Structures are given as structure tokens and as C-alpha cells.
Amino acid sequence: MLKIYNSLSRDKQIFTPIDAGKVRMYVCGMTVYDFCHLGHARVMVIFDMVSRWMRASNYEVTYVRNITDIDDKIIKRANENNEAIDVLTQRFIDAMDEDSEKLGIIRPDIEPRATQYVQGMLDMIAKLIEKGHAYQATNGDVFYSVRSFQGYGKLSGKSLEDLRAGERVEVDTFKKDPMDFVLWKSVKPNEPNWDSPWGKGRPGWHIECSVMSAEHLGAHFDIHGGGQDLQFPHHENEIAQSEAAHNCQMANFWMHNGFVRVDDEKMSKSLGNFFTIRTVLEKYDAEVVRFFILRAHYRSPLNYSDQHLDDAKASLTRLYTALRGREVSTNIIDWNHPQAQRFKEAMDDDFNTSEAVAVLFDLAKIKTDESISLLKNLGAVMGILQRNADEFMQGETSQALDVDAMIVARIEAKKAKNFAEADRIRKQLADAGIILEDTPQGTTWRRA
RNA sequence: GGCGCGAUAGCAAAGUGGUUAUGCCACAGCUUGCAAAGCUGUGUACGCUAGUUCGAAUCUGGCUCGCGCCUCCA
């Protein structure tokens, strides 16, 4: 029985899908004006894990993750680069796909791009105006009137009074209420624009997700996810738009993953303390990064540092060491196995991947054929441990040294009791970052 | 200022009103020609404080510290 922490109710709730056996999930994806950083990697990995577990639990999953391809920052970046907007966005979508694939992420079923849903946005805005939830201001922008929506603040736990009291709320004289947010921005010189009943312009950010989720999942769906920083105002605004337009609850469950931090501060574009996925992958194996993300609980903050990735690498290496040279009999999981049950209980408890990973280590220690097979097959559920162990431990890059020949030479030296020569060879390899391991089946090696 | 989250051993990270989390790391033993890997053991863990309780690190209150949202952000 799956329980999920629901941001909306602020507690764990038993997950019951709207349609039996089916899960419809929407996750806010990337605004594509730059390379993805580790914070984006976390969202991708976490919701990949969620959809994998749902599928492993025999749900039929429809997973939608959108792409924001029209936005202030995109326009700004395109201007800076003197690059066409669609060229820029496609470049970073391609980069995102590359990063995502390396991290072992199964592509979402649908990846809608905002610019392809403008008509739907116009329809929803018209509906909101008609229902008295939106208005066109004198500057031409169309705003959502937060005062018109009863439940505004229910997701973030904020009240309009508290928000108004906040000093950081900038007062826009065109708005009826300072918290009103834009649905349609009237055109500015040299900016992309679409025709609308309110004049040429482009959509606001929040309306995009309300429209794309409804188009693919319906007005009412099971799970809406994203990073914690989107809870307010983005998700709050989505609720206001969708629920006002459709007269029904938008999502039953809201899931928010914790931040990736650097030195205990949130990793973000604005702070400039971010590491892109590709930068990290120059130094660390992508599976190590995935494992680093999965061994922490998705709602906890996750501190990034080389030390922590080194630690994750050593841990993952231990699991692969257990798999090395072992036959995996089947890819069918016996969920009645005590360890498989522990794994399932952990995952069903709000996706407790820390606990699930602990089960993997216990299986690695047990070492029976059954436990090793289970280790590999449960790893598959998490999207790890699926490579050949030698490949993981040795890497794919070619050798400057002929390792195999040196191993043979060392074995000869050992047979001749010439241990000085044997140790010299081992030292030479060690200096090149190659560690030898003598086993009853012969000598193997791995990278440090 | 408003709202919220967190504080677990050297590092990381789950969890529980009383019984070994787990991983990394360090040390010792077994093993090995010596190593590595593996196995075994050790490493005085639960921010401070006052309560509730037979018993609290786990529940309640207070305090301290850290972080986040309130502005674009995954």
C-alpha cells in the first residue's frame, strides 16, 4: 500500500488513483535557456524513480514533463547570443536529453513544449476572464485576480494578508492586487508574439502548466510534482488557474523534492553556485550521480560536494563488487522474499530510497545466488546496477598500459616466487590508477 | 516581519517509546607471499533544556543554531 507525502495536506496519505490501476502524473520540467544543473538532475532522477516504482507496482503510468520554451530568460539569452530563439531552445533541449539519458532516466511519456499550446492558453485565459477570475489591465497585460479564488494559498500555506505584508512584494500599479499574476503579456519590441483577443503578446509562465497538464491528463489527475521552489508561487498559481477554469480539483497529490545544496546553500542559477550535469559527469560516472541522488530521501536537502560523490562512488562500487562474476538467474522479482518485502515496504513508504538502498547492501552481504539476483533486479527498479560489473569498475576508456599483459607477467613472476617483480608490476598499475584483485578465479582489476 | 523545514556517530544518511540501520572512513583480526577484495570485530550517535513515562534520541513545551519560501528558480 503506497503512501505519499502530499504537500497539499502536509502529511503522508494512502495513494489511491483516480482511475483504478492508472496513474497520471505531471512534473514541471525545465526552462531551456542553459545547461541543466544538478538541481535539475535531482528532479529528473526523483520522478523517474517515482514512475519506475509506480510501474513496478503494476500501475499504468502516464508521465508528462513539460518544457518551457518561451520565457523572459530565453528571450534575453537569445538576444545576448544573437541566436534565434528556436535554435537556442532546441540546442538546450538536445543537451538536456543527452544528460537525462546518461543519468538513466526513462523519458517521460509526453514532453509538451509550451509554444505548441498557445491556443489552449488563449482558451483558458478567455474562460478565466469570462468567469471573472481574470482581467485585462490598462497596460494590455491580462492578470489573474487572486482575490477571486477562494482557495488561494492552500498549497503553500500562505494567506494573501501575510503575502501582502511581505515587503518584497513589488507593487505593480496595473494590478488590482499586488499578488495578481500575469496570464498574458502584451507584446514588447523585438519579442516573439502571438495574436490574441487582448492584442499581440505571449503567455505568462504559470498558464503553460495548467494548459499542458489538462491537455494530456485531464482537468483532474493524480500527481503533480516539481522542485520545492515551485510550490510558491508557480504551483499555487497553477491551482488557482486550473481549478477556477475547470471547477474541480487539479491534482490529488502534490510532490516536491528537496533542493540540491552547495555548502548548505540552495544550488541555483541566481546564486551562481550551480554545477551543470555535464561538468559533474566529466569527473564522475553518471550512475554514481544517480546513486548519490537516490540514496538520500527525495524530500531531504542534498549537499553536493566532491567528497560526497567520492563516498557515493565507493558505496556503489561495493554493490558492483558483489555482482562481479555472478550469474543473475532471472529478472523476475519474488516479492515474497523477506528482503524484497523490506524493499517494497520502504518504497511504499513515501519512496524511502535510503531504506531501499540499505536493503541492497544487505543483499550484497548475503551473497547467495538468490540474493545476488534479487540485488540486480531490485537495482533495476531503481535504475541502477544494470551494467556489467567489470565495465562499471574498469571504465570504458582505453588503456595506456596493456593491463592484461602486465597481469600475465605478474602471475608469471609470482609463480617464479619473484615477488619483487610482481609487486613492481602491481605498483606500476597502481600508479596508473589501476588496482589489482587476486581471486580464486584469477586476477581482476578495477579503477581507483 | 510572515509561513515552513531541519539538527542522528569522523563523513553521509534512514528509522524507532525499550532490541545491530546502512554505506564510506579509521583501527584490529581472519584471509593473502605481501596487498586488494571479502569476512569478523571495534569506533561511548541521536543540538541544548524542562516535562510526560517503568523507560525518550524517538512524545510535549521552551531555547539555540542552520536552511527554505514570501522575487525568476527544479
Side-chain angles (χ1 to χ4, degrees), chain A residues 7 10 27-31 33-34 36-47 65 68 71-73 76 153 156-159 161-170 179 181 205 225-234 236 256-261 264-271 274 291-292 295-297 299-303 305 307-319 321-322 324 342 346 349 352-362 364-365 367 393 413-414 417-420 422-423 426-427 429-430 434-440 443-446 448:
Chain A
S7 302
R10 277 163 272 271
V27 173
C28 290
M30 266 52 78
T31 300
Y33 68 100
D34 204 345
C36 291
H37 60 64
L38 239 33
H40 301 117
R42 193 173 192 192
V43 185
M44 291 196 280
V45 169
I46 291 302
F47 288 99
R65 190 186 64 208
T68 295
D71 156 274
D72 290 355
K73 286 178 178 175
K76 183 165 175 274
S156 54
K158 298 178 191 304
S159 73
E161 284 63 37
D162 295 341
L163 287 165
R164 179 182 285 239
E167 292 177 10
R168 297 165 84 185
V169 175
E170 97 185 53
M179 290 311 298
F181 57 90
W205 176 40
Q228 220 153 49
D229 44 2
L230 298 187
Q231 189 168 352
F232 189 89
H234 184 54
E236 194 71 65
H256 293 100
N257 65 275
F259 297 132
V260 176
R261 296 184 184 173
D264 286 316
E265 272 195 325
K266 177 185 171 185
M267 177 183 290
S268 71
K269 285 283 174 67
S270 31
L271 285 171
F274 61 92
F291 181 73
F292 167 69
R295 71 179 182 158
H297 187 86
R299 283 189 284 116
S300 303
L302 180 62
N303 258 313
S305 72
Q307 189 200 335
H308 296 156
L309 280 192
D310 287 339
D311 184 287
K313 180 186 175 185
S315 292
L316 187 59
T317 300
R318 167 156 170 79
L319 292 178
T321 302
R324 202 173 202 188
R342 268 182 71 207
D349 183 14
N352 190 340
T353 51
S354 293
E355 185 66 29
V357 165
V359 173
L360 300 185
F361 282 103
D362 288 342
K365 183 159 280 186
K367 288 191 170 57
M393 294 167 80
K414 281 174 67 177
K417 302 278 185 200
N418 184 354
F419 294 122
D423 290 350
R426 186 170 63 196
K427 175 74 164 51
L429 285 166
I434 288 164
I435 296 166
L436 296 186
E437 291 175 7
D438 294 334
T439 73
T443 299
T444 60
W445 63 274
R446 66 184 166 90

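Labels below follow one simple rule: chain letters A, B, ... track the order of the sequence lines, proteins then strands, and each chain is numbered from 1. Please read these numbers as outputs of a predicted model, since none were measured by experiment.
Separating the CE atom in A/M30 from the NE2 atom in A/H37 is a distance of 9.5 Å, to the nearest 0.5 Å. Distance check, rounded to the nearest 0.5 Å: CG of A/N257 to NE2 of A/H297 gives 10.5 Å. Here the straight-line distance linking atom CE of A/M393 with atom OG1 of A/T444 works out to 7.0 Å at 0.5 Å rounding.
Using a 4.0 Å heavy-atom cutoff across all strands shown, A/K269 reaches no nucleic acid atom at all. Counting any heavy atom pair closer than 4.0 Å across all strands shown, A/N257 reaches a base atom. Using a 4.0 Å heavy-atom criterion, one finds that A/G258 contacts the bases of the nucleic acid, with or without backbone contacts as well. Among the protein residues, A/K313 comes within range of no part of the nucleic acid, since none of its heavy atoms lies under 4.0 Å from any strand. Residue A/M267 is classed as a base contact, given a heavy-atom separation below 4.0 Å to a base. Counting non-hydrogen atoms under 4.0 angstrom, A/V27 reaches nothing in the nucleic acid. If you check every strand for non-hydrogen atoms under 4.0 Å, A/G157 touches sugar and phosphate atoms only.
B/rG66 and B/rG41 are spaced 36 Å apart, taking the C1' atom of each and rounding to whole Å. To the nearest whole angstrom, the two C1' atoms, one in B/rA28 and one in B/rA21, are 23 Å apart. Rounded to whole Å, the separation between the P atoms of B/rU53 and B/rU60 comes to 16 Å. Rounded to a whole angstrom, the distance from the C1' atom of B/rA14 to that of B/rC24 is 15 Å. Comparing B/rC70 with B/rG10, their C1' atoms are spaced 38 Å from each other, to the whole Å. Rounded to the nearest Å, the gap between the C1' atom of B/rA37 and that of B/rC30 is 14 Å. With both ends at atom P, the span from B/rC67 to B/rC25 equals 30 Å, rounded to whole Å. B/rC54 and B/rC27 have their P atoms separated by 47 Å, given to the nearest Å.
Across the protein-nucleic acid pair, A/E161 atom CD and B/rC70 atom P stand 19 Å apart, rounded to whole Å. Protein atom CG of A/D229 is 18 Å distant from nucleotide atom P of B/rC5, rounded to whole Å. Spacing between atom CD of A/E265 and atom P of B/rA74 amounts to 18 Å, rounded to whole angstrom units. Protein atom CZ of A/R342 is 13 Å distant from nucleotide atom P of B/rU16, rounded to whole Å. In this entry the distance linking CG of A/D34 with C1' of B/rC72 reads 14 Å, nearest Å. Rounded to whole Å, atom P of B/rG4 lies 16 Å from atom NE2 of A/H256. When rounded to the nearest whole Å, the span between CD of A/Q228 and C1' of B/rG6 equals 11 Å. One atom, CG of A/L316, and another, P of B/rC24, lie 11 Å apart when rounded to the nearest Å.
Look at A/D423 and A/R426 and you find a salt bridge, because one of the NZ, NE, NH1 or NH2 atoms lies within 4.0 Å of a carboxylate O, short of that distance. Between A/D264 and A/R261 there is a salt bridge, since at least one side-chain N of the basic residue sits less than 4.0 Å from a carboxylate O of the acidic one.
The backbone N or O of A/S156 lies less than 3.5 Å from a partner atom in the side chain of A/E236, making a donor-acceptor pair. Between the A/D349 side chain and the A/N352 main chain, no donor and acceptor come within less than 3.5 Å of each other. With hydrogens and angles disregarded, no donor-acceptor distance shorter than 3.5 Å links the side chain of A/Q228 to the backbone of A/G258. No donor-acceptor pair under 3.5 Å is formed between the side chain of A/T68 and the backbone N or O of A/G29.
You'll find that the side chain of A/F232 is closest to B/rC70, out of B/rA74, B/rC70, B/rA21.
A donor atom on one side chain and an acceptor atom on the other are found under 3.5 Å apart for A/H308 and A/S305.
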message = Counting primed atoms plus P, OP1 and OP2 as sugar-phosphate and everything else as base, spell out the protein contacts along nucleotides 27-39 of chain B at 4.0 Å heavy-atom distance: B, S or - for each nucleotide, 5' to 3'.
response = ------BBBBSSS
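Using a 4.5 Å heavy-atom threshold, the side chains of A/D438 and A/K414 count as touching. For the pair A/E437/A/R324, a side-chain contact is recorded, criterion being any heavy-atom separation below 4.5 Å from C-beta on. Side-chain contact between A/F232 and A/K158 is present, with at least one heavy-atom pair separated by less than 4.5 Å. Inter-residue side-chain proximity for A/L38 and A/F274 is flagged as unmet; no heavy-atom pair is nearer than 4.5 Å.
Of the two residues near RNA chain B, A/S268 and A/A314, the one whose nearest nucleotide lies more 5' is A/A314.
Secondary-structure annotation of RNA chain B gives the stems B:1-7 with B:64-70, B:10-12 with B:22-24, B:25-30 with B:38-43, B:47-51 with B:59-63, with a stem taken as at least 3 successive Watson-Crick or G-U pairs whose two distances both fall under 3.5 Å.
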Just the atom pairs and distances: protein N or O near nucleotides 12-15 of chain B's N or O, under 3.5 Å.
{"from": "B/rA13", "atom 1": "O2'", "to": "A/S354", "atom 2": "OG", "distance (Å)": "3.4"}
{"from": "B/rA14", "atom 1": "OP1", "to": "A/H297", "atom 2": "N", "distance (Å)": "2.8"}
{"from": "B/rA14", "atom 1": "OP1", "to": "A/S300", "atom 2": "OG", "distance (Å)": "2.9"}
{"from": "B/rA14", "atom 1": "O5'", "to": "A/S354", "atom 2": "OG", "distance (Å)": "3.1"}
{"from": "B/rA14", "atom 1": "O3'", "to": "A/N352", "atom 2": "ND2", "distance (Å)": "3.1"}
{"from": "B/rA14", "atom 1": "O2'", "to": "A/N352", "atom 2": "ND2", "distance (Å)": "3.4"}
{"from": "B/rA14", "atom 1": "O2'", "to": "A/E355", "atom 2": "OE1", "distance (Å)": "3.1"}
{"from": "B/rG15", "atom 1": "OP1", "to": "A/N352", "atom 2": "ND2", "distance (Å)": "3.2"}

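With hydrogens and angles ignored, a donor-acceptor pair closer than 3.5 Å exists between the side chain of A/K73 and the base of B/rC72.
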